[in-house]
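So the structure is just underneath, and the comments pick up after that.
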Amino acid sequence: MSAPKAISPHRLSSLLRRQKDPNLALQLFQNPNPQIQSPKPFRYSLLSYDIIITKLGRAKMFHQMEQILRQLSRETRFVPGEIIFCNVISFYGRARLPHKALQMFDQIPSFRCDRTVKSYNSVLDVLFKCGEVEKMREFLVGLGNHVTPDACTYNILINACCKSGCLHDAWNMFDEMRKRGVRPNGVTFATLISGLCANYRLEEAMRLKEDMIRLYRVEPEAPVYTPLIKELCRIGELSLAFGLKDELERYKVKLDSAVYTTLISALSKFGRKGEAYWILEEMKVSGCKPDTVTYNAMINGFCMEKDFEAAYKILDQMVKEGCKPNIISYNVIIGGLCNEGKWVEANDLFEDLPRRGCKPDIVCYRTIFAGLCDWKRFKEATSILDEMFFKGYAPSSAGIHKLVDGLCQEANMALLLKALTSLGNANLINVDIWGLVISMACKKEMLSNVSELVDTVMVP
DNA sequence: ATAGGGTTAG
């Protein structure tokens with residue numbers, strides 16, 4: 001048997017790139033030549049650092065990622081590009097770790113890498129997305145004379161204004177941008193137009209789209225049109241929405257899955273299933289692959305028609321096509337089943353989520369909880385309540401009302417006490433809820449029981 | 001992979 005050949009730094013990069021499992025990729029990185037005892041340390045390429053850091057960051061394996069970053073900081077053969085750190089900053093942002101993002105930002109110079117407006121922008125975006133508006137302001141002030149804001153900086157700020165519902169500020173930002181000689185780009189217009197549409201200012205949004213093309217000479221892009229198409233569909237102007245789709249095609253802009261999904265979703269909501277099907281076909285023929293969001297729109301359409309068979313079929317089709325259903329796919333079905341009183345099936349699917357590799361989110365818990373209450377399955381609902389609290393979620397106030405109201409009507413004192421104890425521990429009993437309990441007790445002449453109840457719930 | 005669009009509850 002010939003001796004195994006050592007893999008080259010270049011080969012390691014391509015192996016890392018192909019390795020989907022971040023744990024295996026890390027093993028490979030740490031021990032690229034397990035067969036060979038070499039006295040010389042492996043000469044990692046900058047690319048291989050980039051790939052492994054990105055993989056670990058995406059998988060939220062921050063401890064391991066930081067270890068690799070420390071190793072990278074000891075390398076003297078090259079200076080890493082700023083983009084690696086920008087990515088690390090946004091990985092922390094996605095994991096809601098803004099302090100870690102700021103820490104990375106501070107450490108960039110220790111990698112002998114110069115910070116530019118790019119890493120400033122990354123931090124700015126993370127701070128906004130983590131709801132750290134005050135820190136964002138501080139950071140902007142500090143930015144002052146170090147870097148010049150670019151289009152991306154303004155786009156982040158315009159987005160922050162739009163998402164906070166301050167459209168006036170967003171327009172001001174847009175004006176300031178132009179006054180400072182920064183040219184707005186497609187992202188700027190997509191952001192503003194989406195903000196306008198979300199606030200029902202369709203006419204303004206349509207005008208801005210026209211100005212974008214004629215006045216600002218920015219090429220049309222799909223993300224500028226999607227919010228317009230969505231809003232037109234919402235108000236029932238489907239033919240105008242299709243008009244915008246035609247306009248994109250006239251401009252030779254390739255339609256992507258978001259545009260198709262918006263149309264499919266609208267058609268299903270208006271009960272035009274046949275047309276939704278044709279759009280899906282057109283999508284496939286034009287070489288645009290339906291993704292999870294597209295299939296979710298289909299599932300929603302079927303659930304609205306109470307065709308759960310068809311909805312489950314889409315789920316199977318997704319798995320077959322390698323398009324993984326996400327929590328929304330399941331939430332839609334669970335919600336649909338609940339609406340139809342099929343709470344057993346809804347609960348079965350809910351309990352099957354871990355096996356299907358999907359973690360229930362807050363919407364999921366609230367949906368199944370309210371669904372069980374609607375059909376008077378208070379025992380099941382109450383046990384879900386505790387599970388919710390354990391996971392750090394809480395039911396909506398409407399859901400709480402449904403549970404307590406239902407238990408009062410049934411005068412199910414044992415379960416009511418249990419529910420109120422859980423709710424009380426989570427500090428979720430308001431005047432409205434006490435009102436329900438007390439008026440029930442008055443009707444049933446059980447005031448003494450209520451005072452007992454109050455004692456149980458109020459005493460910490 | 002520094003920034004933007006499309007799917008779920010209430």
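All of these numbers come straight from a predicted model, not from anything done at the bench. Every chain is numbered from 1, with letters handed out A, B, ... down the list of sequences.
B:dA1 atom P lies 24 Å from atom OH of A:Tyr49, rounded to whole Å. Between A:Ile193 atom CD1 and B:dG5 atom P the separation is 12 Å, expressed in whole Å. A:Glu221 has its CD atom 13 Å from the P atom of B:dG4, to the nearest Å. Rounded to whole angstrom, the span from the CD1 atom of A:Ile328 across to the P atom of B:dG6 amounts to 12 Å. Rounded to an integer number of Å, the gap from A:Asn339 CG to B:dT8 P is 13 Å. When the C1' atom of B:dG6 is taken as reference, atom CZ of A:Phe242 falls 14 Å away, rounded to whole Å. The NE2-P distance, from A:His401 to B:dA9, rounds to 21 Å in whole Å. At whole-Å resolution of the value, CG in A:Leu192 and P in B:dG4 are 13 Å apart.
Between the side chain of A:Thr261 and the base of B:dG6, at least one donor-acceptor pair of N or O atoms lies under 3.5 Å. For a distance-only test at 3.5 Å, the side chain of A:Asp291 qualifies as a donor-acceptor partner of the base of B:dG6. Between the base of B:dG6 and the side chain of A:Asp256 there is no donor-acceptor pair shorter than 3.5 Å. Judged by distance alone with a 3.5 Å cut-off, no donor-acceptor contact links the side chain of A:Ser265 to the base of B:dG6.
Judged as a side-chain hydrogen bond (donor to acceptor under 3.5 Å, both in side chains), not a single pair has a partner in residues 132-141 of chain A (not counting sequence neighbours). Counting only residues at least two apart or on different chains, the side-chain hydrogen bond (donor to acceptor under 3.5 Å, both in side chains) pairs with a member in residues 93-102 of chain A are A:Glu66-A:Lys100.
Contact between the side-chain N/O atoms of A:Lys269 and the OP1/OP2 oxygens of B:dT8 is found at a separation under 4.0 Å. At B:dG4, one or more side-chain N or O atoms of A:Lys129 fall inside 4.0 Å of OP1 or OP2 (strictly under the cut-off). An OP1 or OP2 oxygen of B:dT7 is reached within less than 4.0 angstrom by no side-chain nitrogen or oxygen of A:Asn300. Applying the 4.0 Å criterion to OP1 and OP2 of B:dG5, one finds that A:Lys163 has a side-chain N or O inside that range. Not one side-chain nitrogen or oxygen of A:Lys118 sits closer than 4.0 Å to the OP1 or OP2 atom of B:dA1.
For the segment residues 198-214 of chain A, the set of residues with a heavy atom within less than 4.0 Å of an atom of DNA chain B is empty. Using a 4.0 Å cut-off on heavy atoms, the residues of residues 87-98 of chain A that approach DNA chain B are A:Asn87, listed by number.
Using a cutoff of 4.0 Å between basic side-chain nitrogens and carboxylate oxygens, A:Arg178 and A:Asp175 are scored as salt-bridged.
Using a 3.5 Å distance cut-off with no hydrogens or angles, the side chains of A:Gln103 and A:Gln107 do not pair a donor with an acceptor.
Within the nucleic acid shown, A:Cys152 comes within 4.0 Å of at least one base atom, counting heavy atoms only. As judged by a 4.0 angstrom heavy-atom cut-off over every strand, A:Thr153 is placed among residues making no nucleic acid contact. Counting non-hydrogen atoms under 4.0 angstrom, A:Thr294 reaches a base of the nucleic acid. Looking at heavy-atom distances under 4.0 Å, A:Val363 makes contact with a base. Across all strands shown, A:Gly186 has heavy atoms under 4.0 Å from base atoms, whether or not it also approaches the sugar-phosphate. At a threshold of 4.0 angstrom between heavy atoms, the contacts of A:Ala398 are confined to the sugar-phosphate backbone, with no base atom among them. Using a 4.0 Å heavy-atom cutoff across all strands shown, A:Val259 reaches at least one base atom of the nucleic acid.
For the atom pair OG (A:Ser268) and CG (A:Leu263), the distance works out to 10.5 Å, reported to the nearest 0.5 Å.
You'll find that the side chain of A:Ala190 is closest to B:dG4, out of B:dG4, B:dG6, B:dG5. Distances from the side chain of A:Ser396 to the nucleotides B:dA3, B:dT7, B:dG10 place B:dG10 closest. For A:Val187, taking side-chain heavy atoms from C-beta onward, the closest of the listed nucleotides B:dT8, B:dG6, B:dG4 is B:dG4. With distances taken from any side-chain atom of A:Asp361 to the nucleotides B:dT8, B:dG4, B:dG6, the minimum falls on B:dT8. Checking B:dA1, B:dA9, B:dG5 against the side-chain heavy atoms of A:Pro227 singles out B:dG5 as nearest. Of the candidate nucleotides B:dG6, B:dG5, B:dA3, B:dG6 has the atom lying nearest to any side-chain atom of A:Val293. In the set B:dA1, B:dT7, B:dG6, the nucleotide with an atom closest to the side chain of A:Arg58 is B:dA1.
Relative orientation of the A:Phe62 and A:Tyr92 rings is tilted, given thresholds of 30° and 60° on the angle between their planes.
A cation-pi contact, defined as under 6.0 Å to the ring centre and within 45° of the axis, is absent between A:Arg366 and A:Tyr393.
Taking the ring centroids of A:Phe29 and A:Tyr49, they lie under the 6.0 Å cut-off. You'll find the ring centres of A:Tyr154 and A:Phe174 outside the 6.0 Å limit.
Separating the P atom of B:dA1 from that of B:dG5 is a span of 13 Å, rounded to the nearest Å.
Summarising the geometry of A:Met298 relative to A:Ile264, their closest heavy-atom pair is SD-CG2, 3.6 Å, with the distance given to 0.1 Å.
For A:Lys245, the salt bridge (Lys or Arg N to Asp or Glu O under 4.0 Å) partners at least two apart in sequence or on another chain are A:Glu249, A:Glu282. For A:Arg11, there are no salt bridge (Lys or Arg N to Asp or Glu O under 4.0 Å) partners at least two apart in sequence or on another chain.
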